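The structure appears right after this line, and notes come after that.
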Amino acid sequence: MATAFFDRVWKLLSKIPKGKVTTYGEIARALKKQGAARAVGNACNANPFASSVPCHRVVGANGLLGGFALGKKAKIRLLEKEDILVKNGRIVDFKVKFWRF
DNA sequence: GTCGTGACTAGCC
DNA sequence: CGGCTAGCCACGA
C-alpha cells in the first residue's frame with residue numbers, strides 16, 4: 001500500500017486531537033477527493049500504523065461508527081476512553097465532537 | 001484493461 | 001423512513 005493517497009489519510013488521521021472525531025467524507029474532502037470516502041475507509045483498514053493512527057476517531061457522515069477492523073466494540077471502548085460517548089453505534093453529541101480539518 | 005468489492009455519501013423516489 | 005442509484009478512489013483477480 002503506502003500510496004500517496006493512503007499516506008495523506010493516515011497523516012490527517014494522526015492530526016485528529018484526542019476527544020474529537022471526523023467523518024470519511026470530511027477526510028476525502030480535505031484531500032480534494034470528495035466522494036472518495038470509500039478509499040478513506042480502505043486506507044484506515046489497511047493502515048500499517050493501526051496502533052498509531054486513531055482510525056477509531058473516524059465515523060460515518062451522520063455519526064454512525066460504520067465499521068472497525070478490530071470490531072465496533074473495541075472502537076466504542078477506545079472512543080469512550082476519550083470522552084466520546086457512543087450509543088447504539090452512534091456518536092453522542094456528534095456535532096460537538098466533530099473535528100474539521 | 002475490465003469487473004467486483006469495500007470501515008462512504010448524496011440524491012431520488 | 002427505507003430502498004435504489006450513481007459517483008468517488010484504490011486494490012486484487
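Note on naming: letters A, B, ... go to the chains in the order of the sequence lines (proteins, then strands), and numbering restarts at 1 for each one. Because the structure is predicted, anything quoted here is derived from the model rather than measured.
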So does A:G89 get a backbone contact from the side chain of A:K72, meaning a donor-acceptor N/O pair under 3.5 Å? no
Taken to the nearest whole Å, CD1/A:I91 to C1'/B:dC8 is 16 Å
Could you pick out which residue, A:N42 or A:T23, lies toward the 5' side of DNA chain B when each is mapped onto its nearest nucleotide? A:N42
Compare the minimum distances between each of C:dC11, B:dA7, B:dT9 and the side chain of A:A37, then state the nucleotide with the smallest one. B:dT9
Could you list the protein-to-nucleotides 10-13 of chain B atom pairs, N/O on both sides, closer than 3.5 Å?
none

Take the protein atom NZ of A:K73 and the nucleotide atom C1' of B:dA7, then report the distance between them rounded to whole Å. 19 Å
Of B:dC8, C:dC11, C:dC9, the nucleotide closest to the side chain of A:R38 is B:dC8
Strand contacts (DNA chain B) in residues 75-90 of chain A, 4.0 angstrom heavy-atom criterion: A:K75
Where does DNA chain C form stems of at least three consecutive Watson-Crick or G-U wobble pairs, each pair having both distances below 3.5 Å? B:2-6 with C:9-13, B:8-13 with C:2-7
Atom CG of A:N45 to atom C1' of B:dT5: distance rounded to whole Å? 12 Å
Expected output: side-chain A:W10 to main-chain A:V53 donor-acceptor under 3.5 Å: no
Heavy atoms of A:T23 and A:V58 approach each other most closely as C-CG1, 4.2 Å
Tell me: CZ of A:F6 to P of C:dG12, nearest whole Å? 9 Å
A:L64 has an atom CG; how far is it from atom P of C:dC1, in whole Å? 12 Å
Roughly how many Å apart are B:dA7 and C:dG2, using the C1' atom of each and rounding to a whole number? 22 Å
List the steps, then state whether side chain to side chain contact (heavy atoms under 4.5 Å, CB included) holds for A:F98 with A:D93. CA-CA 8 Å; A:F98 181 70; A:D93 294 329; over 6 Å; no
Above 12 or not: heavy atoms from other molecules or residues under 6.0 Å from CD of A:Q34? no
Is there a path of hydrophobic side-chain contacts, each under 4.5 Å between heavy atoms, that joins A:I84 and A:I16? no
For atom CZ of A:F5 and atom C1' of C:dC8, their distance in whole Å: 9 Å
Using a heavy-atom cut-off of under 4.0 Å over every strand shown, decide if A:Y24 touches base, sugar-phosphate, or nothing. base
Would you say A:K75's side chain and A:L70's backbone share a donor-acceptor pair under 3.5 angstrom? no
In sequence, state the C-alpha distance, the side-chain angles, and the governing distance for A:L12 and A:F101, and then conclude on side chain to side chain contact (heavy atoms under 4.5 Å, CB included). CA-CA 8 Å; A:L12 283 176; A:F101 295 100; 3.7 Å; yes
CG of A:N62 versus P of C:dC1: gap in Å, rounded? 11 Å
For A:L79 against A:R57, the heavy-atom pair lying closest together: CD2-CA, 4.2 Å
Any donor-acceptor pair under 3.5 Å linking the side chain of A:D7 with the backbone of A:A4? no
Quick one: do A:N62 and A:F94 satisfy side chain to side chain contact (heavy atoms under 4.5 Å, CB included)? Show the steps, please. CA-CA 8 Å; A:N62 58 339; A:F94 171 61; over 6 Å; no
Do the charged groups of A:K20 and A:E82 touch, with an N to O distance under 4.0 Å? no
